[in-house]
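A short worksheet on the structure shown next.
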2 protein chains.
Amino acid sequence: MAATQTLPRTARAQDVAEAAGVSTATVSRAFNTPAKVAPAVRDRVFAAAAILGWLPHAAGSALARRRTSIAGVVIPTLGQEVFATQVEAMQAAFAEHDITLLIGCSNYDPDQAAQQVRTMLARGVDALAVLGQIPQAGLFEVVQARRVPFVITYGSAPGSTHPCVGFDNATAFSEITRYLLALGHQIFGMILPPTLHNERIVARLAGVRSALADEGLGLRPQHIFEGEYGILAGRKALRQILGANGPRPTAIICGNDLLAIGALFEARTMGLVVPRDLSITGFDDISMAGEIDPALTTMKVNNVEIGRLAVEYLVSQLCGEAAPSEVLILPALVERSTTAPPPK
Amino acid sequence: MAATQTLPRTARAQDVAEAAGVSTATVSRAFNTPAKVAPAVRDRVFAAAAILGWLPHAAGSALARRRTSIAGVVIPTLGQEVFATQVEAMQAAFAEHDITLLIGCSNYDPDQAAQQVRTMLARGVDALAVLGQIPQAGLFEVVQARRVPFVITYGSAPGSTHPCVGFDNATAFSEITRYLLALGHQIFGMILPPTLHNERIVARLAGVRSALADEGLGLRPQHIFEGEYGILAGRKALRQILGANGPRPTAIICGNDLLAIGALFEARTMGLVVPRDLSITGFDDISMAGEIDPALTTMKVNNVEIGRLAVEYLVSQLCGEAAPSEVLILPALVERSTTAPPPK
DNA sequence: TTGTACGCGTTATCAT
DNA sequence: ATGATAACGCGTACAA
């Protein structure tokens, strides 16, 4: 007894076409340009497809269309709210154009980032966003060779040759510094996350220095703490800075909100009242910043907007439209309750 | 003067083959099974590919291989550390198998989640993970029809028919309740995020109730606050619960760490000393939990492990191996400094 | 070890 | 409005 059982292959357009008594061309049209198919036929096709559980096969479709409807984004980590927010905004914005988002994390490692970019190209992404900076010399050329629209987000190296959507880190930190100067502060401390492979952090330090220099002031080496990330690092940093010899800073500028929150906690532990005894500023305006007590003075970076604008740029490139290759947003000072004039 | 300029098409395997003086089969082999190609030839192929900037075209490759090397994950949002962490772990684990990850956010909306799943199937994902629960009746069947390995993560409906990797929410919350009972607490409050479309939250409440019932105790309605998310919600909830008529709870069980942190902040504002006057517990063990002061007693959910195990399951399915269709991890109580025996 | 030739599933072009 | 047919680019038996 020969087993003539057809091993149930997954349905193709051909199968749907046969079931509906039409050609594969009509099946394709019914799904892609329904208006061009007679309603009765269309319904037959849909019914057949539903029964067979058929959906257009992505690879076949991509091959014929020369488009995958997949975009890629490479970020350092999803563990930071600012990056996660941006990715989520991108995903939503791309979805409006029926584009799905591939993600890759580099863990702040340029080599991993470059590898992720290559992998995404191999997956046939239609467009590509990289957070921060181009990870490797020559990589941009590879992307260009494949004619894949490309954009750098979040960071912005002014004068960079690559299309970018972001903000100017130096300017933003100059602004927050000038705000503290206007309050009357003269002695500053600064707490920074690791600067390794991170131009943005370097720019933040430069922004502070430049604003201070305009007033003939500077940042004492013992008042700079650099190299760790998170609340505990903020605590440790504040202890170290306030424990240093010489005059004590009255204002602490932190490279991000988490460090600032750590500094804030430590100030309380040390018996200092913020902002009476010490002013502290953050950066990013993460969701916690406004919810702790005292609420953190910081700068809001609209990451949703960055994500949206990046997608807008990529989509316009995809459509062959011209678009400005550098889009800058302006972080806005959010004055809350951790800043005040220095103590007398 | 006829312009015979060839508009530069992007390179195919054919072009590389010609440039290297071999057949396309050899080009393919050089990239996929290098061992089967003579070293000299291989180098010629690689050189030609490098010059032309060629990479295998994803769609063609996927069509021939019947595999896209792309997996998908659908989560409520990237804005919550627990979900972002899990996604990041999945991305890393998939990368080891040369699989790239597509993400979709549902914003806690079952319809959006279902749509994301459909989109991913249309993109030809090789495997699919959905965080929480299956969003729609009938959707699982669609996935099965396409023979796409599938797993539910994070949540676990015991007795569910779908493969899942997660933990038992009810059991976990029973455990934390028993811990507080053992410390001597008798009157409990509970603060919960929105339960709408979220079985996991419902299970947490049930877990607490069940552990209390074992001791003949219960949760008074005025001691349950439900429906908002975040630090501010935690503050508001504590105010409301402690302001209610009747006996005051000595322990507050929170549905997650952020609510617990809010409650902790509010307790301080109200002049209460935690844990002397009031015990508070969280859930998840987000990075902040151990960094605030007093450090939060909570339960650690190893989301990295969940992500890893989910990928392991999916990959084994992809390889046609058998694998247990329900994998449970055990959240672990992390006893820190927000819990103590109740005041006399 | 290498080449030939076919199939993968869809869409676009061109006829009808 | 619909059908026939030719790409689309790669991987892989099979043959040499």
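All heavy atoms count here, side chains included; hydrogens, waters and symmetry mates do not. A, B, ... follow the sequence lines: proteins, then strands. Residue 1 opens every chain.
- A:Gln14 has its CD atom 12 Å from the C1' atom of D:dG3, to the nearest Å.
- Taking only side-chain nitrogens and oxygens, B:Ser61 never comes nearer than 4.0 Å to OP1 or OP2 of D:dC10.
- With rounding to the nearest 0.5 angstrom, the CZ atom of A:Arg12 is 11.5 Å from the CG atom of A:Leu52.
- For A:Ala25, counting side-chain heavy atoms from C-beta on, the closest listed nucleotide (D:dG3, D:dG11, C:dT2) is D:dG3.
- One atom, NE2 of A:His57, and another, P of D:dC8, lie 19 Å apart when rounded to the nearest Å.
- Contacts of A:Val37 with the nucleic acid, taken as non-hydrogen atoms under 4.0 Å apart, involve only primed sugar atoms and P, OP1 or OP2.
- Contact annotation: A:Thr26 reaches the phosphate of D:dG3 (side-chain N/O to OP1 or OP2, under 4.0 Å).
- Taken from CG in B:Asp126 to CZ in B:Arg66, the straight-line distance is 12.5 Å, to the nearest 0.5 Å.
- A:Lys36 places its NZ atom 13 Å from the P atom of C:dC14, with the value rounded to the nearest Å.
- For the pair B:Trp54 CH2 and D:dG11 P, the computed distance is 6 Å after rounding to whole Å.
- For D:dG11, its base never sits under 3.5 Å from the side chain of B:Arg66 at any donor and acceptor pair.
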When you look at B:Glu18 and B:Gln14, which way does the side-chain hydrogen bond (donor to acceptor under 3.5 Å, both in side chains) test go after all the steps?
CA-CA 6 Å; B:Glu18 283 166 15; B:Gln14 177 85 49; 3.1 Å; yes
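- Side-chain atoms of B:Arg12 lie closest to D:dG9 of the nucleotides D:dG9, D:dA4, C:dA5.
- Atom-to-atom, CZ of A:Arg67 to P of C:dT11 comes out at 14 Å; the value is rounded to the nearest Å.
- With distances taken from any side-chain atom of A:Ser23 to the nucleotides D:dC8, D:dA13, D:dG3, the minimum falls on D:dG3.
- Between A:Ala58 and B:Ala122, the shortest heavy-atom contact is CB-O, 3.1 Å.
- Nearest to the side-chain atoms of B:Ala13 among the listed nucleotides D:dC10, D:dG11, C:dG3 stands D:dC10.
- Which of D:dA4, D:dG11, C:dG3 sits closest to the side chain of B:Pro56 comes down to D:dG11.
- Candidate nucleotides D:dG11, D:dC8, D:dA1 were compared by shortest atom distance to the side chain of A:Ala38, and D:dA1 ranks first.
- Looking at every heavy atom in both residues, B:Pro110 comes nearest to B:Pro135 through O-CB, 3.5 Å.
- Closest heavy-atom contact between B:Gln80 and B:Tyr108: NE2-OH, 2.5 Å.
- Rounded to an integer number of Å, the gap from A:Asp15 CG to C:dC8 P is 11 Å.
- You'll find that the side chain of A:Arg29 is closest to D:dT2, out of D:dG11, D:dT2, C:dG3.
- Distance from the side chain of B:Ala64 is smallest for D:dC10 among the nucleotides D:dC10, D:dG3, D:dT5.
- B:Val41 comes within 4.0 angstrom of sugar-phosphate atoms only, judged by non-hydrogen atoms across all strands, and of no base.
- Between the C1' atom of C:dT10 and the CG atom of B:Leu63 lies a distance of 8 Å, rounded to the nearest Å.
- Rounded to a whole Å, the CG atom of B:Leu121 is 17 Å from the C1' atom of C:dG9.
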